[in-house]
Structures are given as structure tokens and as C-alpha cells.
Amino acid sequence: MNFFRKDIEQENRKRLRQLLDKVKVQSCPDEWKFEHFAVSGLTEIGFSELNPDVLLVISGNGRGLFDCSSLKKNERDNTTDFEIDYSNLTCYGIGELKEEKIRISGLHGGGLPLGNSNGDSIEIMALDWPKIDIIFQPKWSSIYAEKDGNKCFRIYSSDTLKTYGFSSNGNYFIIATSSDLLIFKKKYI
């Protein structure tokens with residue numbers, strides 16, 4: 001049996017495109033708010049385990065801390081004299097996180113949770129590679145379930161995606177590219 005038949009592949013791609021076309025294009029899901037930050041040369045990010053409201057952002061120009069609860073940049077260290085443990089994907093923070101080894105995700109691998117305990121999740125679709133569409137799926141819905149397509153949101157498209165995912169408490173999620181950081185926060189926390 002040939003699993004790589006052209007007609008099967010074309011039918012599946014057509015079905016996926018129809019599912020994607022049903023999704024609302026909206027920069028921010030309902031019940032969330034977000035802030036966009038320009039971060040030149042972004043390579044990795046990581047949420048603090050001790051304080052999941054705080055996000056460490058690493059770039060070729062140093063490290064920064066963002067307070068996700070206020071959607072503001074808190075601190076910046078422009079020095080590039082720091083070490084990243086690429087085998088364990090960790091990096092020490094700065095400022096209030098200077099003693100914490102943060103698990104990171106981005107250019108060199110790793111990953112963040114793709115969902116939270118409320119059933120919200122993020123999915124990616126790359127039907128027009130290298131462009132990647134990021135889909136927000138609220139409350140246990142799925143873009144792949146035809147009945148759920150109108151509940152989901154296509155919130156971002158990028159061809160330089162580094163990482164995406166939720167904080168450990170599920171109150172925040174991020175999308176990071178080589179030049180942009182989007183921090184999303186639940187409106188009612």
C-alpha cells in the first residue's frame with residue numbers, strides 16, 4: 001500500500017485549508033489582552049518557575065525581564081557576558097531572577113506548554129511553508145474538529161517563529177520570533 005499517493009495528499013491539504021479558512025483572523029483571542037514588543041535578535045525565552053508572571057528574554061544584545069501581569073518590560077542587562085547551558089537549555093536570570101536557573105526555549109530547542117488547565121491551547125499550521133499560522137484554541141476546542149473551527153482564532157503568522165507556549169500557571173502565553181515578542185494575558189486574573 002502506498003501511503004504517499006498524490007491524491008490523498010492533495011485531499012488532505014484541501015481539507016486542512018478548508019478548516020483553516022473557517023478560523024477567525026483576530027490578533028487577540030476573546031478574554032485575553034496582549035502587548036507587542038520589538039526585540040532585535042531574540043533567540044530564547046523562559047518563564048520563571050518561582051514566579052510564573054516573569055519572563056526572561058534572551059537576545060544577541062543581552063537579557064531582559066518582562067512582567068506578564070502588567071505587560072511591561074521590567075529590566076534589561078545589555079551585557080552579553082553570560083552563559084547558556086545548551087545541553088540542558090537553561091540560563092540564569094537577571095535582577096529578581098538572578099539566582100534562578102530558567103528553562104529556556106527557542107533557537108536551540110526546548111518548548112513551553114502548549115495548553116493550560118482551562119483547556120486553552122495553541123496549534124500551528126504551516127500550509128504555506130515557511131509561513132506558519134498560529135491558532136489559539138479556547139476551552140478544549142480544536143481546529144481539526146470541524147464543529148470547533150469557528151471557536152478558534154488565527155492570531156499570528158510568521159516565517160521566523162522561534163517559540164510559543166504558555167506559562168506554568170496558564171495565565172499567560174507568548175509568541176516569539178527573531179524580532180518580535182507578543183505576550184498574552186488573561187483579562188480576568
Side-chain angles (χ1 to χ4, degrees), residues 3-4 6 8-47 55-61 64 66 68 71 84 86 89 102-116 118-168 170-186:
F3 291 104
F4 300 103
K6 196 90 165 148
I8 294 173
E9 180 182 333
Q10 288 173 345
E11 282 301 311
N12 189 46
R13 183 176 291 273
K14 181 179 173 184
R15 180 182 161 277
L16 290 174
R17 181 136 344 256
Q18 288 170 345
L19 290 172
L20 186 60
D21 288 344
K22 290 181 184 177
V23 173
K24 292 177 246 178
V25 176
Q26 186 170 317
S27 60
C28 189
D30 296 339
E31 301 181 20
W32 293 79
K33 58 184 174 177
F34 84 103
E35 191 65 47
H36 172 260
F37 300 91
V39 181
S40 178
L42 187 148
T43 58
E44 277 89 17
I45 60 94
F47 283 100
L55 178 72
L56 173 68
V57 176
I58 303 170
S59 75
N61 301 314
F66 290 79
C68 297
L71 297 174
I84 297 175
Y86 291 110
L89 292 170
I102 310 287
R103 286 187 288 155
I104 57 175
S105 171
L107 179 64
H108 296 92
L112 298 170
L114 299 181
N116 65 19
N118 295 326
D120 300 327
S121 64
I122 301 172
E123 181 72 53
I124 61 170
M125 291 184 87
L127 295 179
D128 299 310
W129 180 261
K131 183 182 121 193
I132 297 172
D133 290 306
I134 300 171
I135 312 300
F136 181 84
Q137 305 169 126
K139 299 180 178 110
W140 310 107
S141 60
S142 170
I143 187 172
Y144 298 109
E146 293 192 24
K147 65 180 177 39
D148 289 348
N150 61 351
K151 299 175 190 172
C152 300
F153 302 91
R154 188 177 351 173
I155 57 174
Y156 197 74
S157 293
S158 174
D159 60 0
T160 61
L161 183 65
K162 292 288 186 244
T163 191
Y164 58 98
F166 285 84
S167 60
S168 61
N171 293 332
Y172 315 102
F173 72 91
I174 61 93
I175 298 170
T177 72
S178 59
S179 60
D180 297 298
L181 173 67
L182 284 78
I183 300 175
F184 294 80
K185 171 191 173 185
K186 282 185 184 179

Could you check whether any side-chain heavy atom of Tyr144 comes within less than 4.5 Å of a side-chain heavy atom of Leu16, counting everything from C-beta outward? yes
Quick one, Lys185 and Asn171 - any side-chain contact, counting heavy atoms below 4.5 Å? no
How long is the span from the NZ atom in Lys24 to the NZ atom in Lys151, to the nearest 0.5 Å? 10.5 Å
Can you see which heavy atom on Ala176 is nearest to which on Leu42, and at what distance? CB-CD2, 3.8 Å
Side-chain donor-acceptor pairs of residues 123-133 under 3.5 Å, sequence neighbours excluded:
unit_1, atom_1, unit_2, atom_2, d
Asp128, OD1, Arg17, NH2, 3.0
Asp128, OD2, Arg17, NH1, 3.3
Asp133, OD1, Ser157, OG, 2.4

How about CD on Gln26, more than 12 heavy atoms from neighbouring residues, nucleotides or ligands closer than 6.0 Å, or not? yes
How long is the span from the CD1 atom in Ile45 to the CG atom in Leu107, to the nearest 0.5 Å? 12.5 Å
Sub-3.5 Å donor-acceptor pair from the side chain of Ser59 to the main-chain atoms of Gly41, do we have one? no
Pro138 and Ser141 have their tightest heavy-atom pair at O-OG, 2.6 Å
When rounded to the nearest 0.5 angstrom, what is the spacing between CD1 in Ile174 and CD1 in Ile183? 8.0 Å
Identify the heavy atoms of Lys33 and Leu71 that sit nearest to each other, and give their distance. CG-CD1, 4.1 Å
Quick one: list whatever passes side-chain contact (heavy atoms from CB on, under 4.5 Å) with Leu114, sequence neighbours left out. Tyr164
To the nearest 0.5 Å, what is the distance between CD1 (Ile175) and CZ (Phe34)? 9.0 Å
For the pair Ile143 and Gln137, evaluate side-chain contact (heavy atoms from CB on, under 4.5 Å) and give the outcome as yes or no after the intermediate values. CA-CA 7 Å; Ile143 187 172; Gln137 305 169 126; 3.5 Å; yes
Report the relative orientation of the aromatic rings in Phe173 and Phe166; use parallel for angles under 30°, tilted for 30 to 60°, perpendicular for over 60°. tilted
Side chain to side chain contact (heavy atoms under 4.5 Å, CB included) with Tyr156: which of Thr177, Ile135, Leu161? Thr177
Which atoms form the tightest heavy-atom contact between Phe184 and Cys28, and what is the distance? CD2-SG, 4.0 Å
Hey, what do you get for NE2 (His108) to CD1 (Ile58), rounding to the nearest 0.5 Å? 10.0 Å
Is the side chain of Lys139 donor-acceptor paired with the backbone N or O of Asn118 at a distance under 3.5 Å, no angle test? no
Parallel, tilted or perpendicular: which fits the ring planes of Tyr172 and Phe47, with parallel below 30° and perpendicular above 60°? parallel
From Ile84 CD1 over to Glu44 CD, what is the distance, rounded to the nearest 0.5 angstrom? 5.0 Å
